[in-house]
Student: 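I'd like to ask you about the structure that follows.
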Amino acid sequence: MPKAKGKSRRHKYSYNLNRKRLYRSARRRAAPRIACSHIRHAWDPHKSVAQNLAEMGLAEDPNKAVPIPKKLLGMEVESDGQRPGKKLVRKPYVVNEMELEASLPEKKSNTLSRDLIDYVRYMIQNHGENYKEMARDEKNYYQDTPKQIKRKINVYKNFYPEEYKNFIASLKPEKMEVQ
């Protein structure tokens with residue numbers, strides 16, 4: 001197989017490009033990327049990261065914020081009970097808002113595709129609990145094994161329990177009419 005056309009040629013160095021200026025301007029523009037909106041709104045761009053986080057009551061380095069006691073390291077050191085002075089927290093609302101947001105319950109975003117729901121309902125409607133029959137059905141396009149079909153049905157049961165109960169309840173009168 002032949003090589004790609006431009007791979008073997010030597011790359012040229014551009015002597016006229018000022019790399020120091022490019023690097024310096026890129027460093028100047030780079031600001032910390034802040035994911036939390038509470039921190040982003042309280043951030044002061046004229047202060048350092050350590051100063052900003054200290055004002056909010058957050059730790060820059062978790063190892064310094066919560067040090068490992070000497071007892072756990074194997075060295076017994078007695079302390080006289082004096083702790084280093086605490087820093088002044090000027091923006092306590094940031095931590096309070098973050099704690100409030102963290103205490104909110106998480107939304108369940110478990111959904112199944114409409115195709116999978118239709119597939120499962122079709123299989124249950126036509127075959128009931130017979131998974132071997134489901135595996136041989138002509139609508140089993142992906143050639144799922146009986147265990148794979150059973151897993152899909154169980155996922156449907158867990159994600160939509162009320163819908164599944166209503167569906168099973170609606171199937172019972174149909175079965176009585178057939179008999």
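Positions are given from 1 along the sequence. Nothing here was measured: the structure is a model prediction, and the numbers come from that model.
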Student: Using 30° and 60° as the class boundaries, would you call the ring planes of Tyr160 and Tyr156 parallel, tilted or perpendicular?
Tutor: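 Tilted.
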Student: Apply side-chain hydrogen bond (donor to acceptor under 3.5 Å, both in side chains) to residues Asp118 and Tyr122 and explain how you reach the verdict.
Tutor: CA-CA 6 Å; Asp118 293 341; Tyr122 169 81; over 6 Å; no
Student: Return the NZ to NZ distance between Lys165 and Lys157, rounded to the nearest 0.5 Å.
Tutor: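 Lys165 atom NZ to Lys157 atom NZ measures 11.5 Å (nearest 0.5 Å).
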Student: Less than 4.5 Å apart, side chain to side chain, heavy atoms only: is that true for Met56 and Trp43?
Tutor: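 Yes; the side chains approach each other to less than 4.5 Å.
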Student: Between CE of Met98 and OG of Ser103, what distance do you get to the nearest 0.5 Å?
Tutor: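 One finds 12.5 Å between CE of Met98 and OG of Ser103.
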Student: Looking only at heavy atoms, which two atoms of Val89 and Glu55 are closest? And how far apart?
Tutor: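 Reported closest heavy-atom pair: CG1-O, 3.5 Å.
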Student: I need the Tyr142 OH to Leu116 CG distance, nearest 0.5 Å.
Tutor: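 Taking OH in Tyr142 and CG in Leu116, the distance rounds to 10.0 Å.
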Student: What's the spacing between Asp137 CG and Gln143 CD if we round to 0.5 Å?
Tutor: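 One finds 12.5 Å between CG of Asp137 and CD of Gln143.
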Student: Considering all heavy atoms of both residues, which atom of Lys91 and which atom of Ala42 are nearest to each other, and what is their separation?
Tutor: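 Where Lys91 meets Ala42 most closely, the heavy atoms are NZ-O, 2.6 Å.
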Student: Within 45° of the ring axis of Tyr119 and under 6.0 Å from its six-membered ring centre, is that where the NZ or CZ of Lys139 lies?
Tutor: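 The answer is no; the distance or angle limit is not met.
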Student: Does any non-hydrogen side-chain atom of Leu100 lie less than 4.5 Å from one of Asn96?
Tutor: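 They are not in side-chain contact.
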Student: Are side-chain heavy atoms of Val155 and Val120 found at a separation under 4.5 Å?
Tutor: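 No, their side chains stay 4.5 Å or more apart.
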Student: Any heavy-atom pair between the side chains of Ile39 and Leu58 that's under 4.5 Å?
Tutor: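 Yes, at least one pair of side-chain atoms sits under 4.5 Å.
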Student: Going from CG on Leu171 to CG on Asn166, what distance comes out if it is rounded to the nearest 0.5 angstrom?
Tutor: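 Here the interatomic distance stands at 11.0 Å.
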Student: Check whether any side-chain heavy atom of Tyr131 sits under 4.5 Å from a side-chain heavy atom of Lys147, and report yes or no.
Tutor: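 They are not in side-chain contact.
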Student: Is there side-chain contact between Glu129 and Ile124, with at least one heavy-atom pair below 4.5 Å?
Tutor: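 Side-chain contact under 4.5 Å: no.
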Student: Test Glu163 against Arg121 for side-chain contact (heavy atoms from CB on, under 4.5 Å), laying out the working first.
Tutor: CA-CA 11 Å; Glu163 188 178 319; Arg121 294 182 86 172; 3.9 Å; yes
Student: Does CZ in Arg40 sit with more than 12 non-hydrogen atoms of other residues, nucleotides or ligands closer than 6.0 Å?
Tutor: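 More than 12 heavy atoms, drawn from other residues, nucleotides or ligands, come within 6.0 Å of this atom.
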Student: Could you tell me if the side chain of Glu101 sits less than 4.5 Å from the side chain of His38, heavy atoms only?
Tutor: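 Yes, side chains in contact.
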Student: For the atom pair CD1 (Ile149) and CG (Asn140), what is the distance rounded to the nearest 0.5 Å?
Tutor: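 Atom-to-atom, Ile149:CD1 and Asn140:CG are 4.5 Å apart.
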Student: Would you say the side-chain atoms of Asp144 pair up with the backbone N or O of Gln148, donor to acceptor, closer than 3.5 Å?
Tutor: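 Answer holds: no.
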Student: Using side-chain heavy atoms (C-beta onward) and a distance below 4.5 Å, is Met134 in contact with Asn130?
Tutor: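 Sidechains of Asn130 and Met134: no contact.
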Student: Under 3.5 Å, side chain of Asn52 to main-chain N/O of Asp44, donor-acceptor pair present?
Tutor: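 At least one qualifying donor-acceptor pair exists.
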Student: Answer yes or no: are there more than 12 heavy-atom neighbours, outside Lys152 itself, under 6.0 Å from its atom NZ?
Tutor: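 Atom NZ in Lys152 is crowded, with more than 12 foreign heavy atoms closer than 6.0 Å.
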